[in-house]
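Note that these values count all heavy atoms, side chains included, but never hydrogens, waters or copies made by symmetry. Residue numbering restarts at 1 for every chain, and letters A, B, ... go by the order of the sequence lines.
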Amino acid sequence: MPELPEVEVCRLGISPHIDNQVITDVVVRQRQLRWPVPEQIAEAIGEPILSVSRRSKYLILKVSTGSILIHLGMSGTIRVIDSNLPTIKHDHVDIGFGNGKALRLNDPRRFGAVLWLSNDVDEQGVLSKLGPEPLTDDFHADYLFEKSRKKLVPVKTFIMNNPVVVGVGNIYANEALFLSGIRPTKKAGTLTKKQCALLTNNIKKVLAAAIKQGGTTLKDFTQADGKPGYFAQSLNVYGRAGQPCVTCQTTLKEVRQSNRSSVFCPSCQK
DNA sequence: CACACAACCTGCGAGC
DNA sequence: TGCTCGCAGGTTGTGT
């Protein structure tokens, strides 16, 4: 389900329902997610949610004693539900609130995570190795240009690498490269300054547009209110291999990079 | 250090 | 109908 826009849409959806709510219990039905759900998460019980923020694809529920981190992996969804709603398959974790509602994580593939960052500990764990947020001014053309010098990896692999920039997953990497006229296989180190400017702008553009349209619904992603995201109809290349380019009608080509599919227009993207 | 690739899981659609 | 195969929105860990 989630790249950055979907996580942000999720955050916007759940935040009004759980902000300031006191956590009354944490129910873990399946502890084995990407990492085991830590017992210390109980330190959050009795505390009100102070803020609901996001860093990269992590949702951060801040309380006075620390922060609950939630990552949705490939297949995770969270909904605010009545806490007595019967569970279904893969409903792994509930965070229950004083108002009878609960935040419920469902994640068939279990690549997601629920973690605890205690205020008592300095280290930021999974958050410590993350690059700049793409939608902030810290991510700009000169940064990408300098960072990519001498890099032999394909540009698509490069922009999907978290220490470089966070939140760019397979869908939006494909889309941003198409909009920039850059082939996914081009070596990152050969990007010109101008191409870096195009690429950074288009990454920002495509992510912001996707958030505005409620994310991309492929199979099961829904916004907090159950509506699908509408960005899927804006996709130019992702999932369109073999179909004509929207610009020049050339048949879109598919290659695999780092075991992920890349779709591009052999004519528009150099 | 830089890069390639396997690993973690379940579900679904295609093809036989 | 039912089997096997390949593929899926992410990230980390290992090996060369």
Side-chain angles (χ1 to χ4, degrees), chain A residues 1-11 29-37 54-59 69-78 88-93 105-115 124-131 134 147-177 184-190 203 206-207 210-211 213-223 228-235 237-242 254-263:
Chain A
M1 181 268 301
E3 292 192 30
L4 184 147
E6 291 73 42
V7 178
E8 182 65 11
V9 166
C10 178
R11 184 185 76 80
R29 298 182 197 86
Q30 166 60 272
R31 195 168 289 278
Q32 299 308 314
L33 302 183
R34 159 136 222 161
W35 297 285
V37 179
R54 179 189 57 74
R55 173 76 172 102
S56 184
K57 295 167 190 165
Y58 290 92
L59 285 168
L69 303 189
I70 302 174
H71 196 291
L72 300 176
M74 293 274 260
S75 58
T77 51
I78 49 174
I88 58 173
K89 203 172 182 183
H90 307 306
D91 279 343
H92 302 315
V93 178
L105 170 71
N106 183 285
D107 183 8
R109 293 179 74 181
R110 288 193 268 134
F111 288 175
V114 178
L115 300 171
Q124 290 291 291
V126 288
L127 301 184
S128 63
K129 290 168 198 153
L130 299 176
K147 196 88 179 167
S148 60
R149 292 312 83 189
K150 315 225 163 153
K151 292 292 190 296
L152 300 172
V153 282
V155 57
K156 175 159 177 274
T157 311
F158 186 69
I159 59 173
M160 288 180 71
N161 189 15
N162 277 332
V164 175
V165 57
V166 302
V168 184
N170 202 36
I171 297 177
Y172 301 110
N174 276 300
E175 295 300 316
L177 286 164
T185 48
K186 184 177 173 64
K187 287 180 177 37
T190 67
I203 288 172
V206 77
L207 292 177
I211 291 170
Q213 294 179 45
T216 298
T217 295
L218 293 179
K219 290 196 199 98
D220 49 7
F221 174 71
T222 56
Q223 304 180 59
Y230 295 102
F231 195 73
Q233 59 203 50
S234 307
L235 297 175
V237 287
Y238 182 86
R240 296 196 63 243
E254 177 164 15
V255 295
R256 287 194 80 75
Q257 300 178 279
S258 314
N259 215 28
R260 312 297 294 272
S261 78
S262 301
V263 184

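- Looking only at distances, a side-chain donor or acceptor of A:E3 sits under 3.5 Å from a matching main-chain atom of A:G169.
- In this structure, A:Y238 reaches the C:dG9 phosphate: one of its side-chain N or O atoms is under 4.0 Å from OP1 or OP2.
- Side-chain N/O atoms of A:T216 include none lying less than 4.0 angstrom from OP1 or OP2 on C:dG9.
- A tilted orientation is assigned to the rings of A:Y172 and A:F231, their planes being inclined by 30° to 60°.
- Picking from C:dT11, B:dA4, C:dG9 the nucleotide with the shortest atom distance to the side chain of A:V153 gives B:dA4.
- Comparing B:dA7 with C:dG6, their P atoms sit 15 Å apart, to the nearest whole Å.
- Between A:H90 and the phosphate of B:dC9, there is no side-chain N or O to OP1/OP2 separation shorter than 4.0 Å.
- Nucleotides B:dC1 and C:dT11 place their P atoms 22 Å apart, quoted to the nearest Å.
- Separating the CG atom of A:N161 from the C1' atom of C:dG13 is a distance of 14 Å, rounded to the nearest angstrom.
- Per the geometry, CE belonging to A:M160 stands 11 Å off P belonging to C:dA8, to the nearest Å.
- Within 3.5 Å, no donor on the side chain of A:R260 pairs with an acceptor on the base of C:dA8, nor the reverse.
- Atom pair A:L33:CG and B:dT10:C1' shows a separation of 13 Å (rounding to whole Å applied).
- Regarding A:N170, its CG atom lies at a distance of 12 Å from the C1' atom of C:dC7, rounded to whole Å.
- When rounded to the nearest whole Å, the span between CG of A:L235 and P of C:dG9 equals 12 Å.
- When the shell of 6.0 Å around NZ of A:K187 is examined, it contains 12 or fewer heavy atoms from other residues, nucleotides or ligands.
- Between A:S258 and A:E254, the residue anchored closer to the 5' end of DNA chain C is A:E254, taking for each the nucleotide with the nearest heavy atom.
- The side chain of A:K89 has B:dG11 as its nearest neighbour among C:dG9, C:dA8, B:dG11.
- In this structure the side chain of A:L235 reaches within 4.5 angstrom of the side chain of A:E175, judged on heavy atoms.
- In the set C:dT12, B:dG11, C:dG10, C:dT12 carries the atom at the smallest distance from any side-chain atom of A:W35.
- In this entry C:dT12 has B:dA6 as its Watson-Crick or G-U wobble partner, both defining distances falling under 3.5 Å.
- You'll find that the side chain of A:R110 is closest to B:dC9, out of C:dT11, B:dC9, C:dG9.
- Under the 4.5 Å side-chain criterion, counting only non-hydrogen atoms from C-beta, A:R54 is in contact with A:L4.
- At least one side-chain nitrogen or oxygen of A:R256 sits closer than 4.0 Å to the OP1 or OP2 atom of C:dA8.
- Across the protein-nucleic acid pair, A:N259 atom CG and C:dC5 atom P stand 17 Å apart, rounded to whole Å.
- Residue A:K147 contributes atom NZ, which lies 13 Å from atom C1' of B:dC1 at whole-angstrom precision.
- Each of C:dT12, B:dC3, B:dG11 was ranked by its minimum atom distance to the side chain of A:R34; first place goes to C:dT12.
- Counting non-hydrogen atoms under 4.0 angstrom, A:D107 reaches nothing in the nucleic acid.
- For the atom pair OG1 (A:T216) and CD1 (A:I171), the distance works out to 5.0 Å, reported to the nearest 0.5 Å.
- Applying the 4.0 Å criterion to OP1 and OP2 of B:dC8, one finds that A:R109 has every side-chain N and O outside that range.
- In this structure, A:R55 and A:L130 approach most closely via the heavy-atom pair NH2-O, 3.3 Å.
- Distance noted for atom P between C:dT14 and B:dC9: 15 Å (whole Å).
- Residue side chain A:F111 fails the stacking definition with respect to B:dC9, as its ring centre and the base's six-membered ring centre are not both under 5.5 angstrom apart and under 30 degrees in plane angle.
- The A:H71 side chain lies nearest to C:dG10 when the options are B:dT10, C:dA8, C:dG10.
- The nearest whole Å value for the distance from the CG atom in A:N174 to the C1' atom in C:dG9 is 12 Å.
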